[in-house]
Trainee: 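First, the structure itself, so that you have it in front of you.
Letters go in sequence order (proteins before strands), and every chain restarts at 1. Just so we're clear, the structure is a prediction, and the values are computed from it rather than from any experiment.
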There are 2 protein chains.
Amino acid sequence: MTWGRHGHGPRGYHHGNLKEALVRAALDLIAKKGPAGFTFAEAARWAGVSPAAPYRHFRDRDALLASVALQGFERFAAMLATAWNGGKPDPRRAFEELGKAYLAFARTEPAYYSAMFEAGIPLHSNPELLAASERAFAVLRSACETLITAMPARERPPVLMMALHIWAMSHGIASLFGRGDSARRALPMPPEELLEAALLIYLRGLGSSPA
Amino acid sequence: MTWGRHGHGPRGYHHGNLKEALVRAALDLIAKKGPAGFTFAEAARWAGVSPAAPYRHFRDRDALLASVALQGFERFAAMLATAWNGGKPDPRRAFEELGKAYLAFARTEPAYYSAMFEAGIPLHSNPELLAASERAFAVLRSACETLITAMPARERPPVLMMALHIWAMSHGIASLFGRGDSARRALPMPPEELLEAALLIYLRGLGSSPA
DNA sequence: GACCCATGTTAATATCATTTACACACGAGC
DNA sequence: GCTCGTGTGTAAATGATATTAACATGGGTC
């Protein structure tokens, strides 16, 4: 009962999958023209339905964007969790993988990333969205927790602070330098290395590394 | 020859200051409804001219946005330079002031900040804009240089890398947590403290701080 | 004092978001 | 098998927007 609907081939009066198709269409359009260039009507066209059809599934344009962001946060959390992999083989290496995964997501899924962080969607207006973003952040936080417990008690920073620092650094690098073609600035090194170096320095600053 | 033009009082056929008035109007509108909600027509209305008038001064909507961003980068650079103040009274303290100034700008001038970093304007399409952003970055970079020269030769990191790290961290905190009302997340501490702590840890990680 | 050009205006086109009234179709119940 | 109801689409209408083209104004120049 699920077609694919990319504009080819006829279909009945009912689409069968409009909601999902619209999310995918939004992704493609955002990827192509940025979150601002994305248009409700064009998403409908791409899904092969009339301009009014999307309103049966989303209250308005922002609701569709929020849906994209929600799915984005879910995949983001999953990708981060996979990279962290419970801290194996060892926390430090897993932590590096986590950082790489963060940038990889921003680079390979710029549309999701845009919807999540740049579309200006108020997280607080949507409990599901907020919860999904919390789940993604929780991965980072728990990774920090693991790293912290491996530190001498005297050096342990507040978990939340450390997690926020890591997140801010990752997000900063991702949004300033981490996008494929629309990178805001030329870099002397790939973003991954920049982040890796930052994490090393930061962790050393916490005192968790043998000089 | 410069009025104020806020919709009050008559004016002749010519405005006299349209270009500047439009930039200011754009600022107000962006502040009020985000860069996406800003509309060319509304800016014209606010300036008291017909919807077509702005086209005499800006190629299109994006050009106006770029103008706002340009002015933003200029003020940003000036504000950062003032905060850094040549590294006085001493580099470490001045560096902290620099960080605070970064966040203060994002908080007190969210409209500029949005136009500069979130409106999706391609820096490369506009040499002036690129140059202005370079000037702002140069302040940060030169501050890093000063701090680095004060470090033991053995510990000195690459200037550019350090500047990029600081910028990314500041930008990350500013965009994730640093906006007045639209803050994306509740924080256990003010953004300024979060950034200050991050900078301390980072600098310690570089080895520039006496343990 | 006539003219030019920068700067505004009006009018027109095309596209959007969004709403309302209407159409179809599949499934529940008979 | 038939009928009705609800979930999904469609068509048409409204009001706003971006952008362009043709026309208007008026201050400054020669």
Trainee: Which part of the nucleic acid does A:A53 contact within heavy-atom distance under 4.0 Å: base, sugar-phosphate only, or nothing?
Mentor: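 If one applies the 4.0 Å heavy-atom cut-off, A:A53 turns out to touch a base.
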
Trainee: In whole Å, what is the span from the CG atom of A:L29 to the C1' atom of C:dC16?
Mentor: 14 Å

Trainee: Figure out the CZ/P separation between A:F38 and C:dT15, and round it to whole Å.
Mentor: 18 Å

Trainee: So that I know where these two stand, are B:Y112 and B:F73 an aromatic pair - ring centroids less than 6.0 Å apart?
Mentor: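 They do not qualify: ring centres at least 6.0 Å apart.
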
Trainee: With a 4.0 Å cut-off, would you call B:E97 and B:K100 a salt bridge?
Mentor: yes

Trainee: Identify which nucleotide among D:dT20, D:dA18, C:dT18 has an atom closest to any side-chain atom of B:A52, counting heavy atoms from C-beta outward.
Mentor: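 The listed nucleotide nearest to B:A52's side chain is D:dT20.
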
Trainee: Identify whether the distance between the nearest side-chain nitrogen and carboxylate oxygen of B:E134 and B:R141 falls below 4.0 Å.
Mentor: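 A salt bridge is absent here (no side-chain N lies under 4.0 Å from a carboxylate O).
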
Trainee: Just N and O in the side chain of A:R45: are any of them under 4.0 Å from OP1 or OP2 of C:dC16?
Mentor: yes

Trainee: Could you check B:D60 against B:R56 and say which one's nearest nucleotide on DNA chain D is further toward the 5' end?
Mentor: B:D60

Trainee: Among B:Y113, B:F76, B:F105, exactly one meets ring pair (Phe, Tyr, Trp, His ring centres under 6.0 Å) together with B:H171. Which residue is that?
Mentor: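 Running ring pair (Phe, Tyr, Trp, His ring centres under 6.0 Å) over B:Y113, B:F76, B:F105 with B:H171 returns exactly one hit, B:Y113.
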
Trainee: Nearest to the A:Y55 side chain among C:dT9, D:dA18, C:dT18, which nucleotide is it?
Mentor: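 Ranking C:dT9, D:dA18, C:dT18 by closest atom to the A:Y55 side chain puts C:dT18 first.
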
Trainee: Can you tell me the distance, in whole Å, between the CG atom of A:L18 and the C1' atom of D:dG9?
Mentor: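 Between C1' of D:dG9 and CG of A:L18: 8 Å.
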
Trainee: Find the distance B:R59:CZ to D:dA18:P and express it as a whole number of Å.
Mentor: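 That distance rounds to 15 Å.
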
Trainee: Can you measure A:L22 atom CG to D:dG9 atom P for me and round it to whole angstrom units?
Mentor: 9 Å

Trainee: Counting side-chain heavy atoms from CB outward, which of D:dA18, D:dT8, D:dT10 is closest to A:H57?
Mentor: D:dT8

Trainee: Write down the distance between CZ (A:F40) and C1' (D:dA16), rounded to a whole number of angstrom.
Mentor: 17 Å

Trainee: Can you check whether B:T39 has a side-chain N or O nearer than 4.0 Å to OP1 or OP2 of D:dA16?
Mentor: no

Trainee: Counting only heavy atoms not in A:E128, do more than 12 sit closer than 6.0 Å to its CD atom?
Mentor: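 It does not: A:E128 CD has 12 such atoms or fewer within range.
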
Trainee: Nearest whole Å is fine: how far is D:dT17 P from B:R61 CZ?
Mentor: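 For the pair B:R61 CZ and D:dT17 P, the rounded distance is 11 Å.
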
Trainee: Just how far, in rounded Å, is P of C:dC16 from CG of A:D62?
Mentor: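 These atoms are roughly 17 Å apart.
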
